[in-house]
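Heads up, the thing below is written out as structure tokens.
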Amino acid sequence: MGPMVFLFMLLESFIQYPQPVAEGLDEETRLRMEVRAKHLEWERLQLEQEVERHTQEQVQLLQLLAVAVLLVYVLVLWFIGWKSSLRREEDEEENRGANEEEVGNVAANEEDNLGNEAVNEAEMAANNNNVAIAVQEEDDFDDRIGQVIMQRIRWPVQDLQRGCQWTMNLMDNYSPYFRHVLSNSFYPVLQRAIGVGSAFEGWSPREQDVVYRVLIPMTPPRGHSFHLQLDSAGQGHMRNFRVLVQLECTCTREQQAENMLCFLHHPEEELRRNQDPSLLDTLCTGSYLDVQKTARWFYQLVRAIWPALPQSHNWHLVLLPSTRSCQFKVTNTRESFRIEMLFGVRRDDSAIFVSSQTREAHTASTIWPESYAVAEAEFFKHIARQAPPDSLYLKCLQFFTRLPLGFCFSTYTMKTIVMHLLNVMPASSWRRRDLLERLQDILDSLRLCVRTKRLNHFIVGNRRLPQHIHLPADVQTGGTYNLLLRLAQQPDAHAQAIHDYQVLKKWYKRILLAED
């Protein structure tokens with residue numbers, strides 16, 4: 001074969017059977033790409049599984065939270081139902097007790113049923129024991145709640161009882177000197193002081209500045225009489241009086257034996273020469289007893305008699321300015337007491353007085369506002385006699401008269417709410433285990449009063465007071481009056497009261513939850 005033929009055949013073979021030069025390299029690349037694709041697919045699957053696993057964990061966590069919330073809700077409903085069932089069991093137990101006597105009578109006539117009755121009595125005794133245990137457990141739980149609340153509230157530390165006792169001892173020491181100094185005069189006759197106000201009721205709205213307030217009843221001197229006249233120009237429901245002073249004839253043998261001249265029938269010259277002036281010429285303006293003149297007279301008495309008292313050896317007396325009462329402070333090296341002496345005239349033989357205490361910034365000197373302080377103090381004494389030793393009604397009052405300081409709710413408003421609650425709830429329901437419920441009752445009552453713009457006065461028109469608290473007929477049977485009348489008359493004041501209540505409610509919750 002020639003060389004040309006050989007070359008031609010070789011070229012033809014290459015053309016008919018081409019050998020790809022990079023065939024091995026392309027296959028390797030393809031394999032690597034497949035492996036890479038599979039690896040990416042595996043990573044995608046792993047990522048999806050991881051996401052799915054996290055999603056399942058979150059779903060399980062939400063399910064657990066939902067179950068926990070449901071369990072708490074069921075527990076609360078169970079607890080409420082448990083308390084309701086206890087009350088029902090107590091009612092049923094009372095019914096069983098009422099029926100027990102009837103069952104006993106039937107048993108006496110039907111001796112065949114004695115065995116069954118014995119079984120029933122055993123079952124009832126077992127039920128009673130179970131109810132008693134359940135009630136005790138509930139009381140223990142509520143008592144622990146009350147104990148926690150007590151620990152979260154900062155209570156005042158002053159000893160009000162000691163301060164009241166010290167004040168009354170001072171007044172008792174003053175009394176014989178009052179009688180001696182005034183025995184032959186024509187000034188008002190001073191009776192024994194009566195403790196009134198918050199300190200003598202067992203609570204105080206202030207931590208440090210406690211005022212021990214007493215009211216001294218006054219009766220007319222010889223040859224005089226007092227007549228109370230309602231002031232027609234008074235502030236509507238806030239009743240004011242004037243004390244009309246009239247001279248009485250003393251031309252009787254008994255009074256002549258006292259060497260007293262009759263102001264009505266003896267000549268004025270003889271009266272001026274031989275007898276002290278009448279009350280009309282000393283403490284009256286016109287024919288009416290003057291509050292400010294009476295207050296200045298009290299200051300003179302207190303200052304003049306003080307050096308003769310045993311307290312003057314260890315205590316220092318400081319008279320404080322006041323136009324309608326006698327205020328002073330007594331101090332020693334360790335403590336001090338601030339005392340206010342009010343004076344007033346009793347209405348008939350009741351616990352209602354017209355007193356020197358003012359209600360407004362500018363009260364005429366011949367105006368004597370009607371005072372219910374003595375009746376309110378007697379009500380608190382009545383509650384104290386009925387209340388168990390561990391009663392906390394004064395703590396509740398103390399808390400809610402200190403809490404609203406700075407709000408539009410006055411101390412007297414909160415005191416009135418508590419007095420209304422004390423008048424309808426037994427004193428035994430104010431123990432530590434009842435503390436949370438009673439505090440909530442007071443807050444709910446305030447909310448209702450703000451919403452309805454009404455809070456009835458506790459004394460006036462109240463026919464449910466204890467019988468030993470004597471009231472004049474016009475006070476007891478007359479219509480009551482609204483202490484929150486201003487809210488009904490002034491929309492802005494009502495809006496402010498609503499706002500203050502909401503803020504007060506927040507403060508109340510923060511204190512109970514011990515939040516900063």
Output yes when a side-chain donor or acceptor of [X] lies under 3.5 Å from a complementary backbone atom of [Y], and no otherwise.
X	Y	answer
Thr331	Ser336	no
His494	Val450	yes
Arg454	Leu484	no
Tyr174	Val302	yes
Asp348	Pro472	no
Ser350	Arg346	no

For [X], all residues meeting side chain to side chain donor-acceptor pair (under 3.5 Å), sequence neighbours excluded:
X	result
Ser445	none
Arg334	none
Glu335	Arg162
His227	Ser225, Gln246

How close do [X] and [Y] get, heavy atom to heavy atom, and via which atoms?
X	Y	answer
Leu309	Asn173	CD2-O, 3.5 Å
Leu397	Thr401	O-OG1, 2.8 Å
Thr294	Met218	CG2-SD, 4.1 Å
Ser325	Tyr299	O-CE1, 3.4 Å
Ser355	Leu215	CB-CD1, 3.9 Å
Ile194	Pro217	CD1-CG, 4.0 Å

Step-by-step side chain to side chain contact (heavy atoms under 4.5 Å, CB included) determination, Arg463 to Thr477: CA-CA 7 Å; Arg463 304 185 184 185; Thr477 62; 3.9 Å; yes
Under 4.5 Å between any side-chain heavy atoms of [X] and [Y], yes or no?
X	Y	value
Tyr177	Leu301	no
His470	Asp349	no
Arg192	Met171	no
Leu504	Leu446	yes
Ile216	Leu190	yes
Phe200	Val214	yes
Gln496	His499	yes
Cys396	Leu435	yes

Starting at [atom1] of [X], measure out to [atom2] of [Y] and round the result to the nearest 0.5 Å.
X	Y	atom1	atom2	value
Asp231	Arg242	CG	CZ	5.0 Å
Leu439	Asp444	CG	CG	11.0 Å
Lys329	Leu317	NZ	CG	12.0 Å
Asn482	Lys453	CG	NZ	11.0 Å
Asn240	Gln229	CG	CD	13.5 Å
Leu392	Gln398	CG	CD	12.0 Å

Electrostatic pair Arg438-Asp441, nearest N-O below 4.0 angstrom: yes
From Thr323, Thr285, Asp290, residue fulfilling side-chain hydrogen bond (donor to acceptor under 3.5 Å, both in side chains) relative to Ser365: Asp290
Summary of salt bridge (charged side-chain N to carboxylate O under 4.0 Å, His left out) pairs that have at least one residue in residues 469-497, sequence neighbours excluded: Arg239-Asp474, Arg347-Asp474
Heavy atoms of other groups near Arg464 CZ, more than 12 under 6.0 Å: no
Please report, to 0.1 Å, the donor-acceptor pairs under 3.5 Å made by any side chain of residues 413-424, with sequence neighbours excluded.
unit_1, atom_1, unit_2, atom_2, d
Thr413, OG1, Ser410, OG, 2.9
Lys415, NZ, Glu201, OE1, 3.2
Lys415, NZ, Glu201, OE2, 3.0
Lys415, NZ, Glu376, OE1, 2.9
Thr416, OG1, Tyr412, O, 2.7
His420, NE2, Asn456, O, 2.9

Residues Leu465, Ile459; criterion side chain to side chain contact (heavy atoms under 4.5 Å, CB included); working and verdict: CA-CA 8 Å; Leu465 287 175; Ile459 298 296; 4.0 Å; yes
Residues in ring pair (Phe, Tyr, Trp, His ring centres under 6.0 Å) contact with His468, at least two apart in sequence or another chain: His382
Qualifying residues under ring pair (Phe, Tyr, Trp, His ring centres under 6.0 Å), relative to Tyr288, sequence neighbours excluded: none
Qualifying residues under salt bridge (Lys or Arg N to Asp or Glu O under 4.0 Å), relative to Arg324, sequence neighbours excluded: none
Glu340: partners by salt bridge (Lys or Arg N to Asp or Glu O under 4.0 Å), with sequence neighbours left out: Arg213
Pairs satisfying ring-ring contact (aromatic ring centres under 6.0 Å, His included), at least one member in residues 316-355, at least two apart: Trp166-Phe337, Tyr212-Phe337, Phe298-Phe343, Trp315-Phe337
Pair Trp306-Leu170, side chain to side chain contact (heavy atoms under 4.5 Å, CB included): steps then yes or no: CA-CA 10 Å; Trp306 172 256; Leu170 178 64; 3.9 Å; yes
Partner residues of Pro426 under the side chain to side chain contact (heavy atoms under 4.5 Å, CB included) criterion, sequence neighbours left out: Ser428, Ser429
Verdict with reasoning, Asn462 to Leu471, per side chain to side chain contact (heavy atoms under 4.5 Å, CB included): CA-CA 10 Å; Asn462 189 351; Leu471 303 179; over 6 Å; no
